[in-house]
Chemist: 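Okay, here's the structure, questions in a sec.
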Amino acid sequence: MTALRPDDLLVGRWGAWFAGRRLPCATGRGGIGEKRAEGDGMTPVGCHRIEAVLYRADRVPPPLPGAGPIGPRDGWSDDPGDPGYNAPVLRPCAPRHEALFRADPQYDRVAVLDWNRHPVVPGRGSAIFLHAWRRPRQPTAGCIAFAPADLAFILARWTPRSRVVVRG
């Protein structure tokens, strides 16, 4: 089991803990566990890093230095048959993908976790993000979702040492 550090974000079935605060969150509709396949709805257990932070510059300020703006053509490939699977894409594109530039505020701030990124294994699961929830505790497709203010709180205090530790 991963030993926790003070700057880690701990996520479990009961919610999350970060910077001395207990935060409600939503996890995958398939629960928290061993992720097996694309679309299984699982939030993967383990110790994860944030490798990129994206934001809607027309709606929110940069959540931390180095964050990248999301534009109207930005998407993320979730098609296991795509050579660019589990990576950013420019829309329109033929492979199945998710739009990052959304009408709702769900992806106004997005932290991309390193799940299945180095190396990418087709079909193992894509796009595990920290993002804003649709409604309190409504399950996600496998991501970890927070109230918008809580997500802003997390990203404003994120450090290079911080990790996302998910326990079942």
Chemist: Look only at the side chain of T43 and the backbone of G28, and say whether a donor-acceptor pair between them is shorter than 3.5 Å.
Modeler: yes

Chemist: Less than 4.5 Å apart, side chain to side chain, heavy atoms only: is that true for W158 and F18?
Modeler: yes

Chemist: Main chain of Q106, side chain of D104: is a donor-acceptor contact present, judged purely on distance under 3.5 Å?
Modeler: yes

Chemist: Any chance you could measure I32, atom CD1, to T27, atom OG1, to the nearest 0.5 Å?
Modeler: 4.0 Å

Chemist: Has N116 got a side-chain atom pairing as donor or acceptor with G125's backbone, closer than 3.5 angstrom?
Modeler: yes

Chemist: List in chain and number order the residues that pass side-chain contact (heavy atoms from CB on, under 4.5 Å) with A57, two or more places apart in sequence or in another chain; answer none if no residue qualifies.
Modeler: Y55, P69

Chemist: For the residue pair E34 and V45, establish whether any side-chain heavy-atom pair is separated by less than 4.5 Å.
Modeler: yes

Chemist: Would the distance check show the side chain of R36 and the main-chain N or O of R124 forming a donor-acceptor pair, the cut-off being under 3.5 Å?
Modeler: no

Chemist: Kindly write out the residues that satisfy salt bridge (Lys or Arg N to Asp or Glu O under 4.0 Å) with R117, not counting sequence neighbours, or none if the list is empty.
Modeler: E51

Chemist: Please, which pairs that meet salt bridge (charged side-chain N to carboxylate O under 4.0 Å, His left out) have at least one residue in residues 145-161, sequence neighbours excluded?
Modeler: D7-R161

Chemist: May I ask you to decide if L100's main-chain N or O and R56's side chain share a donor-acceptor pair within less than 3.5 Å?
Modeler: no

Chemist: So, do I50 and D114 sit near enough that their side-chain heavy atoms are less than 4.5 Å apart?
Modeler: no

Chemist: Let me confirm one number: the CD1-CG distance from I70 to L54, rounded to the nearest 0.5 Å.
Modeler: 5.0 Å

Chemist: Can you list everything that forms a ring-ring contact (aromatic ring centres under 6.0 Å, His included) with W133? Sequence neighbours excluded, please.
Modeler: none

Chemist: Are the charged groups of D74 and R91 less than 4.0 angstrom apart, N to O?
Modeler: no

Chemist: Supply the atom-to-atom distance T2 OG1 to R167 CZ, rounded to the nearest 0.5 angstrom.
Modeler: 6.5 Å

Chemist: Please lay out, stage by stage, how R134 and Q138 fare under the test side-chain hydrogen bond (donor to acceptor under 3.5 Å, both in side chains).
Modeler: CA-CA 7 Å; R134 285 187 183 102; Q138 180 180 3; 5.0 Å; no

Chemist: Below 4.5 Å, heavy atoms only, C-beta onward: do R109 and V60 meet side chain to side chain?
Modeler: yes

Chemist: Could you tell me whether a side-chain N or O of D8 sits under 3.5 Å from a main-chain N or O of L4, the two making a donor and an acceptor?
Modeler: no

Chemist: Can you list everything that forms a ring-ring contact (aromatic ring centres under 6.0 Å, His included) with Y107? Sequence neighbours excluded, please.
Modeler: F129, H131

Chemist: Would you verify whether the NZ or CZ of R21 falls within 45 degrees of the ring axis of F153 while also being under 6.0 Å from that six-membered ring's centre?
Modeler: yes

Chemist: With sequence neighbours excluded, what pairs up with R96 under the salt bridge (Lys or Arg N to Asp or Glu O under 4.0 Å) test?
Modeler: D78

Chemist: Please answer whether the main-chain N or O of A87 pairs with a side-chain N or O of S77 as donor and acceptor at a distance below 3.5 Å.
Modeler: no

